[in-house]
Undergrad: 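Have a look at this one before I ask anything.
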Amino acid sequence: MASRPAVVRPFGPVGIIDIGSNSVRLVAYGGSERVPSMLFNEKVMAGLGRDLATSGLLHPEAIEMAVEALARFRLLAKEMRLKKLHAVATAAVRDASNGAEFLALAKKAGIEPKVIPGEEEARLSALGVISAIPNARGVVADLGGGSLELTPVADGDVEQGVSLPIGVLRVAEKTTARGLADQIRTGIPQSVLAAARGSSLYLVGGSFRAFAQLDLRLSGHPLPIVHQHCVTPERVRELRALVRSTSADELRRRASVATLRLQTLPAAAAVLDALCRVLEPARIVTSAFGLREGILFDDLDADQRQIDPLLSAALEVGERLGRFGDHGHLLDQWIAPLFPDDSVPASRLRLAACLLADVAWNAHPDFRAEWAVDMGVHGNWVGIDSEGRAILGKALSSAFGGNGAYDENVGALVEARVLEHADRWGRAIRLAQRLSGGTASILKRTALAPRGEHLVLSLRKSDEGLYSETVAKRFRQLATALELNPVVEIG
């Protein structure tokens, strides 16, 4: 992954129709080409594969429901003026003996889906994970209604995966994790076992995300965001035991899991337990991206794929919400001399904070910090975990004046010294924005750097008038936080 400047190229709107064993969905994307924003998302739980395990057929009522959904999606796509519309069908249509009949009806409704082979589905799902987690290393497990795809990933590359006829609609209620483990062990190559053992297992699919949501809710996690939520194999077994011993109504009450996902949660828990038994991963990580995002990532050229997804998204948001155009990279360069010991991961988060340094200017003054913190902590980012969100939120809180906007429960996710460092980033950003008025040219003509026991702000003689009392106040506050003496040099 390259943490480097990126140009936000015009993108979209682009749509994807995903015809799965459980649902039929239309998603429209726009925004940044590297990390598209979701403009529209609608699914119909048609359940095409509900009887596949017993009859080998797509259910007639499900076919009717799915075709109706496709007809609606075609009309919506036309009104949205989508530049491109992908339509794909996966395991249910692929495996059903009446799959061709469904495809003919879909064509009459104006949609011609591409039936994706199992290995291709595995590859695209893995690409989706790499798109969101570029340093992913281990095995991607994509659990759908009719199949389970397992694909090794490392260093941004995808190895050949395998598709197994194991899905939440195919797992019988009395199927044991041990029985599923035997089925998985028989169906996977040695390469999958080697890639997963002692490494990470990345989860894709709505049922797996519901499992992660269950853990977040029950553990009282301060950031209920499933992307990059991490659990251990031991926790998987604990949660599965809880799912087996707790009624659906009680789980709904305690964890707010959607009713439709509750129906597939026991099967998903059994499959995940089986995967842990066979693959022996060290950790399990949930991904918000999967097949659909993998399709979009597959369309990118090699240079675009190397762009950091967090920085790309932050740049797009900063350009859209900033007052005088993007100058986040310049802002980061201006404050960087204060933090020469920042690691590469820390420098990346610092740059993200700088790219977002102007996002709350049009909010009410009393709520700017709250707005900015919410953007950093709860923003629709990928390429960042909960600890990174906590750090980003703290930096933005300080950049916008704090005022109690930051949740200390979120801050508890990282060490106190890390939060103090993020606070210093924010104070430096706050000084830069006040001095420059949010413009780039003044930053180019001024400099800020430590010099021995002093923090030196250098101004041209012609810019001496920029140093107001408000600027001086923020300069003193930053110097105090850095334990340095503030000095202004004019010349």
Undergrad: Does Arg368 use its side chain to pair, donor to acceptor, with the backbone of Ala363 at less than 3.5 Å?
TA: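 Side chain of Arg368 to backbone of Ala363: a pair is present.
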
Undergrad: Between Ala126 and Val153, what is the shortest heavy-atom contact and its length?
TA: CB-CG1, 3.7 Å

Undergrad: Do any N or O atoms from the side chain of His221 and from the backbone of Leu223 form a donor-acceptor pair under 3.5 angstrom?
TA: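 Side chain of His221 to backbone of Leu223, a donor-acceptor pair under 3.5 Å: yes, one is there.
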
Undergrad: Check residues 271-286 and write down every donor-acceptor pair under 3.5 Å in which the side-chain atom is one partner and the other belongs to a residue at least two apart or another chain.
TA:
residue: Asp273; atom: OD1; partner: Arg277; partner atom: NE; Å: 3.2
residue: Asp273; atom: OD2; partner: Arg240; partner atom: NH1; Å: 3.2
residue: Glu280; atom: OE1; partner: Arg197; partner atom: NE; Å: 3.4
residue: Arg283; atom: NH1; partner: Ser200; partner atom: OG; Å: 2.8

Undergrad: Sequence neighbours excluded, which residues qualify as side-chain hydrogen bond (donor to acceptor under 3.5 Å, both in side chains) partners of Asp157?
TA: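 Per chain and number, Asp157 pairs via side-chain hydrogen bond (donor to acceptor under 3.5 Å, both in side chains) with no residue.
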
Undergrad: Which atom names give the shortest non-hydrogen contact between Trp381 and Met375, and what distance separates them?
TA: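 Heavy-atom minimum between the residues: NE1-O, 3.0 Å.
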
Undergrad: Strictly by modelled atom types, are Thr446 and Trp334 linked by a side-chain donor-acceptor pair under 3.5 Å?
TA: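 The criterion, which ignores hydrogens and geometry beyond distance, is satisfied for Trp334 and Thr446.
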
Undergrad: Can you find a pair of side-chain heavy atoms, one from Tyr202 and one from Ile130, that are under 4.5 Å apart?
TA: no

Undergrad: Measure the shortest side-chain to side-chain distance between Ile335 and Cys354 over non-hydrogen atoms and say whether it is less than 4.5 angstrom.
TA: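 The answer is yes; the side chains approach within 4.5 Å.
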
Undergrad: Tell me whether the count of non-hydrogen atoms from other residues, nucleotides or ligands lying under 6.0 Å of CG in Asn485 goes above 12.
TA: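 Result for CG/Asn485: enclosed.
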
Undergrad: Roughly how far, to the nearest 0.5 Å, is CG of Leu216 from OG of Ser386?
TA: 8.5 Å

Undergrad: Judged by modelled atom types alone, do Gln333 and His327 share a side-chain donor-acceptor pair under 3.5 Å?
TA: no

Undergrad: With salt bridge (charged side-chain N to carboxylate O under 4.0 Å, His left out) as the criterion, how do Arg320 and Glu316 come out once you've worked through the C-alpha distance, each side chain's angles and the decisive distance to 0.1 Å?
TA: CA-CA 6 Å; Arg320 178 161 44 85; Glu316 190 271 330; 3.1 Å; yes

Undergrad: Looking at Arg460 and Asp463, does any basic side-chain N land under 4.0 Å from a carboxylate oxygen?
TA: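 Here Arg460 does not pair with Asp463 in a salt bridge, since their nearest N and O are not under 4.0 Å apart.
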
Undergrad: Looking only at heavy atoms, what is the nearest atom pair of Gln228 and Ile384, with distance?
TA: OE1-N, 3.2 Å

Undergrad: Contact between Val158 and Arg123 at the side-chain level, heavy atoms closer than 4.5 Å - yes or no?
TA: yes

Undergrad: Please tell me if the side chains of Glu42 and Arg25 come closer than 4.5 Å, counting only heavy atoms from C-beta onward.
TA: no

Undergrad: Taking atom CZ of Arg389 and atom NE2 of His378, what is their separation to the nearest 0.5 Å?
TA: 8.5 Å

Undergrad: Taking the side chain as everything from C-beta on, heavy atoms only, tell me whether Phe40 gets closer than 4.5 Å to Leu26.
TA: yes

Undergrad: For Val487, does its backbone N or O pair with a side-chain atom of His454 as donor and acceptor, under 3.5 Å?
TA: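 No: the side chain of His454 does not pair with the backbone of Val487.
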
Undergrad: Atom CG of Leu457 and atom CG of Leu466: how far apart are they, to the nearest 0.5 Å?
TA: 9.5 Å

Undergrad: For the residue pair Ser131 and Glu293, confirm or rule out a side-chain donor-acceptor distance under 3.5 Å.
TA: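 Side-chain D/A pair, Ser131 to Glu293: absent.
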
Undergrad: Within this structure, what is the NZ-OG1 distance for the pair Lys444 and Thr439, rounded to the nearest 0.5 Å?
TA: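 Answer rounded to 0.5 Å: 10.0 Å.
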
Undergrad: Can a donor-acceptor pair be found, under 3.5 Å and without considering hydrogens, that links the side chain of Asp358 to the backbone of Arg323?
TA: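 Judged by distance alone, yes, a pair lies under 3.5 Å.
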
Undergrad: As an exercise, state the distance from CZ of Arg350 to CD1 of Ile391, rounded to the nearest 0.5 Å.
TA: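 Spacing of CZ (Arg350) from CD1 (Ile391) equals 13.0 Å.
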
Undergrad: Between Arg305 and Asp298, is the closest basic N to carboxylate O distance under 4.0 Å?
TA: yes

Undergrad: So Asp18 and Lys43, salt bridge (charged side-chain N to carboxylate O under 4.0 Å, His left out) or not? Walk me through it.
TA: CA-CA 9 Å; Asp18 179 4; Lys43 67 180 177 182; over 6 Å; no

Undergrad: Report yes or no: does Tyr406 contribute a side-chain atom to a donor-acceptor pair with the main-chain N or O of Ala395 at less than 3.5 Å?
TA: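 A pair under 3.5 Å: no.
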
Undergrad: Taking 4.0 angstrom as the limit, do Arg34 and Asp308 come out as a salt bridge?
TA: no

Undergrad: With side-chain contact (heavy atoms from CB on, under 4.5 Å) as the test, pick out the partner of Leu265 among Val243, Val168, Leu239.
TA: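 The option that passes is Val243.
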
Undergrad: So does Gly393 get a backbone contact from the side chain of Ser397, meaning a donor-acceptor N/O pair under 3.5 Å?
TA: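 No, the answer is negative, given that no donor and acceptor are paired below the 3.5 Å cut-off.
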
Undergrad: Sequence neighbours left out, cut at 3.5 Å: what donor-acceptor pairs do the side chains of residues 419-431 make with other protein atoms?
TA:
residue: His421; atom: NE2; partner: Asp342; partner atom: OD1; Å: 2.6
residue: His421; atom: NE2; partner: Trp425; partner atom: NE1; Å: 3.4
residue: Asp423; atom: OD1; partner: Ser398; partner atom: OG; Å: 2.5
residue: Asp423; atom: OD2; partner: Arg427; partner atom: NE; Å: 2.9
residue: Arg424; atom: NE; partner: Ala481; partner atom: O; Å: 3.0
residue: Trp425; atom: NE1; partner: Asp342; partner atom: OD2; Å: 3.2
residue: Arg430; atom: NH1; partner: Ala399; partner atom: O; Å: 3.4

Undergrad: I'd like to know whether CD of Glu453 has more than 12 heavy-atom contacts from other residues, nucleotides or ligands below 6.0 angstrom.
TA: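 No, because the 6.0 Å sphere around CD of Glu453 holds 12 heavy atoms or fewer from other groups.
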
